[in-house]
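In the text below, chain A, chain B and the rest are named by the order of the sequence lines, each starting its count at 1. Quick caveat: nothing in here was measured; it's all calculated off a predicted structure.
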Amino acid sequence: MINQDIARIFTEIAYLLEAAGEQKSQFEANAYLKASRAISSMQEDLETIYEKGGKDALLSIPGIGKGIADKIVEYINSGSIQKYEDLKKKYPIDFISLMKIEGLGPKKLAVLYQALGITNVEELRNAILNHKVRGIPGFGEKSENQLLKNIEMAERVSERIPIWKAYPEALRIKNYLESTGYALIVEIAGSTRRMKETIGDIDILAASEYPNALMDKFVEMDGVSSIIAKGDKKSTVSLKIGTTCDLRIVSKESFGAAMQYFTGSKDHNIKLRRLAIGKGMKLNEYGLFSGDKNIVSGMPEEKVYETLDLAYIPPELREDRGEIEAAAQKRLPEIVQYGEVKGDMFSKMDVSNIKNITGISYVFVDSGDGPLTDLYMYTFDGGRAVKTGASIKALDCSKLNAVSELKSASGVIMLYNIDSLGLPESAAVQNLIEKLSKSGIIVLINSSDVRPTSDFLYSLRKYDFKVAIGSFSDEPSLEGSMRFGIGITRRAWIEKNRIINTLDANALMSYLKNSQ
DNA sequence: GCCGTTTTCGGCCCGACTGTTTTCAGTCG
């Protein structure tokens with residue numbers, strides 16, 4: 001799998017082009033960054049795509065044109081890209097590490113390299129400690145101090161945190177801000193709202209008539225380890241859980257447009273803004289403007305899409321993967337709503353002693369250890385779990401040698417742990433699913449580990465299989481443990497009618513019976 | 001370097017914040 005290597009090289013090429021600093025190369029850099037993002041979120045191996053479909057197949061990937069396709073082919077054939085090697089000679093800078101330091105971008109790094117020969121974090125730290133950085137154009141005493149702090153922070157803060165950790169924290173912050181009394185509306189935005197499996201930072205959006213007071217409350221709240229920036233429209237803090245949190249404050253009139261804007265993704269927004277321009281309008285976080293008139297002022301987020309002649313696009317689909325085109329044709333997939341899941345297809349609860357079950361009317365409980373086990377269905381009656389007699393077979397794919405057992409088994413099979421094998425083997429799982437397609441196979445989503453990833457499920461969605469969502473938790477709840485699994489299916493464009501636990505208990509029992 | 005409901009040329013999202021600047025460039029999301 002060469003995707004991540006190529007994505008990294010393209011990202012570096014973009015930084016190198018920006019460091020070189022010519023006006024025109026800024027746009028070229030953006031093109032490389034966009035191609036890099038597209039490639040790193042792809043599950044299919046570029047090399048395989050090229051082997052099967054040649055250069056045309058590469059050109060069909062959005063963001064990849066003739067120039068970049070040639071670079072990919074060059075890498076496949078020779079293991080390197082000449083343009084990258086040439087640029088790297090000019091600026092032998094470790095951009096990937098240095099860019100993680102807040103406040104440093106390609107331009108400043110180029111200046112630091114030319115003035116002081118700095119190529120990595122250690123050299124930067126030494127230069128700061130010897131006060132060599134102050135005095136360089138664009139740097140002063142303040143930036144030296146700030147950079148030193150940010151180096152430490154970059155080393156401390158982990159890359160991205162999982163959604164199951166970010167979401168409760170985001171909810172806590174939302175509730176806290178609401179409790180201050182200074183906010184009219186508070187909502188979670190950004191990748192947390194899009195239910196991305198990993199979160200780079202938490203974005204919160206508020207409407208307020210007292211922005212200064214609300215910002216004060218925000219930066220001094222529990223869980224903040226340091227303040228990165230503070231203004232009356234935008235502030236950023238570093239959180240103890242190992243990520244940062246942005247609070248943006250807008251007026252009530254702008255809230256709908258702002259929700260759209262701050263939910264992202266970046267590529268989705270760029271395409272949406274271009275569409276607005278094409279229709280003679282302008283879209284930003286304050287509204288959708290026709291001339292000077294804000295035509296969605298005070299309206300909910302849905303109005304932005306409606307005004308652009310699009311069906312409403314749920315946050316989980318906003319990744320510029322064709323959702324805008326589909327919305328224009330009113331052909332978006334009908335994905336499941338969070339409240340529409342009726343049961344838990346893989347629960348770890350103790351059925352002899354049930355505690356809290358909210359919004360769940362049945363559970364399937366594991367009966368043993370082996371790679372192929374029976375899950376038994378229970379419903380609830382007056383605080384008691386009742387065994388129904390229905391069951392389903394589940395195969396642990398991390399024990400793939402058990403495929404032979406699969407052949408001898410009959411009836412409906414659920415596959416789980418399907419991506420615990422690492423990347424080369426994921427091709428094996430794909431083959432397996434392709435082969436079992438149309439035979440009533442079910443892919444089970446692990447809502448606790450948030451896997452398989454939505455990208456993987458998205459790439460498999462063309463095959464004929466059903467999907468089930470399991471909490472893998474001892475406390476199944478629609479709002480809590482089940483939520484992230486539901487999010488995966490939404491991000492993966494899986495239609496609601498493919499998810500078997502949207503059926504109520506009776507319907508599911510007859511489904512299982514008819515499939516035996 | 002990519003891309004096309006105006007287009008195969010000429011555009012390319014856009015505003016907030018910071019620090020070092022006397023009016024702005026760089027960074028960030």
Exercise for the section: Remember a base hit wins even if backbone is also touched, and classify A/K230 as base, sugar-phosphate or nothing at under 4.0 Å, heavy atoms. Expected result: sugar-phosphate
Exercise for the section: Look at all strands and tell whether A/K34 reaches a base, only sugar-phosphate, or nothing, counting heavy atoms closer than 4.0 Å. Expected result: nothing
Exercise for the section: Take atom CD of A/Q260 and atom C1' of B/dC14, then tell me their distance rounded to the nearest Å. Expected result: 13 Å
Practice task
In whole angstrom, give the distance that lies between atom NZ of A/K233 and atom P of B/dG15.
Solution key: 12 Å
Exercise for the section: Return the minimal non-hydrogen interatomic distance between A/L177 and A/A183, and the atom names on each side. Expected result: O-CB, 4.1 Å
Exercise for the section: Please check the phosphate of B/dC13 (OP1 and OP2 only) for any side-chain N or O of A/R274 closer than 4.0 Å. Expected result: yes
Practice task
Please list, by residue number, the residues of residues 65-83 of chain A whose heavy atoms come closer than 4.0 Å to an atom of DNA chain B; answer none if no residue qualifies.
Solution key: A/G65, A/K66, A/G67, A/I68, A/K71, A/K83
Handout entry: Atom P, compared across B/dG15 and B/dT21: separation rounded to whole Å
Key = 27 Å
Handout entry: Carboxylate-amine/guanidinium proximity below 4.0 Å for A/E495 and A/R461
Key = no
Fill in the blank from the handout: In whole angstroms, the gap separating P of B/dC14 from CD1 of A/I270 amounts to 10 Å
Practice task
Could you tell me whether the side chains of A/E141 and A/N145 share a donor-acceptor contact shorter than 3.5 Å?
Solution key: no
Completion exercise
Winner on side-chain proximity to A/I277, out of B/dG15, B/dG1, B/dC14, is B/dC14
Handout entry: Atom C1', compared across B/dT20 and B/dT27: separation rounded to whole Å
Key = 14 Å
Handout entry: Parallel, tilted or perpendicular, as decided by the 30° and 60° cut-offs, for the rings of A/Y32 and A/F10
Key = perpendicular
Problem - Per-nucleotide protein contact string for nucleotides 19-29 of chain B, where B marks a base within reach and S marks sugar-phosphate only (heavy atoms under 4.0 Å, - for neither) - result: SS-----SSSB
Problem - side-chain contact (heavy atoms from CB on, under 4.5 Å) partner of A/Y312, chosen from A/E306, A/E302, A/K303 - result: A/E302
Practice task
Kindly say if A/N284 contacts the phosphate of B/dG15, meaning a side-chain N or O under 4.0 Å from OP1 or OP2.
Solution key: yes
Practice task
Could you state the atom-to-atom distance from CG of A/L58 to P of B/dG1 in whole Å?
Solution key: 16 Å
Exercise for the section: Look through every strand shown and name the nucleotide pairing with B/dT8 as Watson-Crick or G-U wobble, where both distances are under 3.5 Å. Expected result: none
Practice task
Please state how far atom CG in A/N30 lies from atom P in B/dC13, giving the value in whole angstrom units.
Solution key: 7 Å
Exercise for the section: Considering only atom P, compute the distance from B/dG1 to B/dT6 and round it to an integer number of Å. Expected result: 27 Å
Practice task
Find out whether the Lys NZ or Arg CZ of A/K108 is both under 6.0 angstrom from the six-membered ring centre of A/F139 and within 45° of the ring's axis.
Solution key: yes
Exercise for the section: For A/I61 and for A/L283, find the nucleotide of DNA chain B with the closest heavy atom, then tell me which residue's nucleotide is more 5'. Expected result: A/I61
Problem - Test item: side-chain donor near acceptor, A/Y286 and A/E253, under 3.5 Å - result: no
Exercise for the section: Check the surroundings of atom NZ in A/K496: do more than 12 heavy atoms from other residues, nucleotides or ligands lie under 6.0 Å from it? Expected result: no
Exercise for the section: With C1' as the reference atom in both, quote the distance from B/dC13 to B/dC28 in angstrom, rounded to an integer. Expected result: 14 Å
Practice task
Walk me through it: do A/E301 and A/R193 pass the test salt bridge (charged side-chain N to carboxylate O under 4.0 Å, His left out)?
Solution key: CA-CA 13 Å; A/E301 184 190 39; A/R193 181 167 182 236; 2.8 Å; yes
Exercise for the section: Whole angstrom is fine here: how far is it from OH in A/Y84 over to P in B/dG1? Expected result: 17 Å
Handout entry: Length of the CZ-P vector between A/R37 and B/dG1, whole Å
Key = 18 Å
Practice task
Could you measure between the two P atoms, the one in B/dT23 and the one in B/dG29, and give it in whole Å?
Solution key: 29 Å
Exercise for the section: Hey, which sits more toward the 5' end of DNA chain B by its nearest nucleotide, A/R248 or A/G63? Expected result: A/G63
Practice task
Using atom CD of A/E28 as one end and atom P of B/dC2 as the other, report the distance to the nearest whole Å.
Solution key: 9 Å
Problem - Whether A/Y458 and A/W493 hold their rings parallel, tilted or perpendicular, with breakpoints at 30° and 60° - result: perpendicular
Handout entry: Enclosure of A/K90 NZ (heavy-atom neighbours >12, cutoff 6.0 Å)
Key = no
Exercise for the section: Please measure how far the P atom in B/dA16 lies from the corresponding atom in B/dG11, and state the result in whole Å. Expected result: 26 Å
Practice task
Select base, sugar-phosphate, or nothing to describe what A/L17 touches, counting heavy atoms under 4.0 Å on all strands.
Solution key: nothing
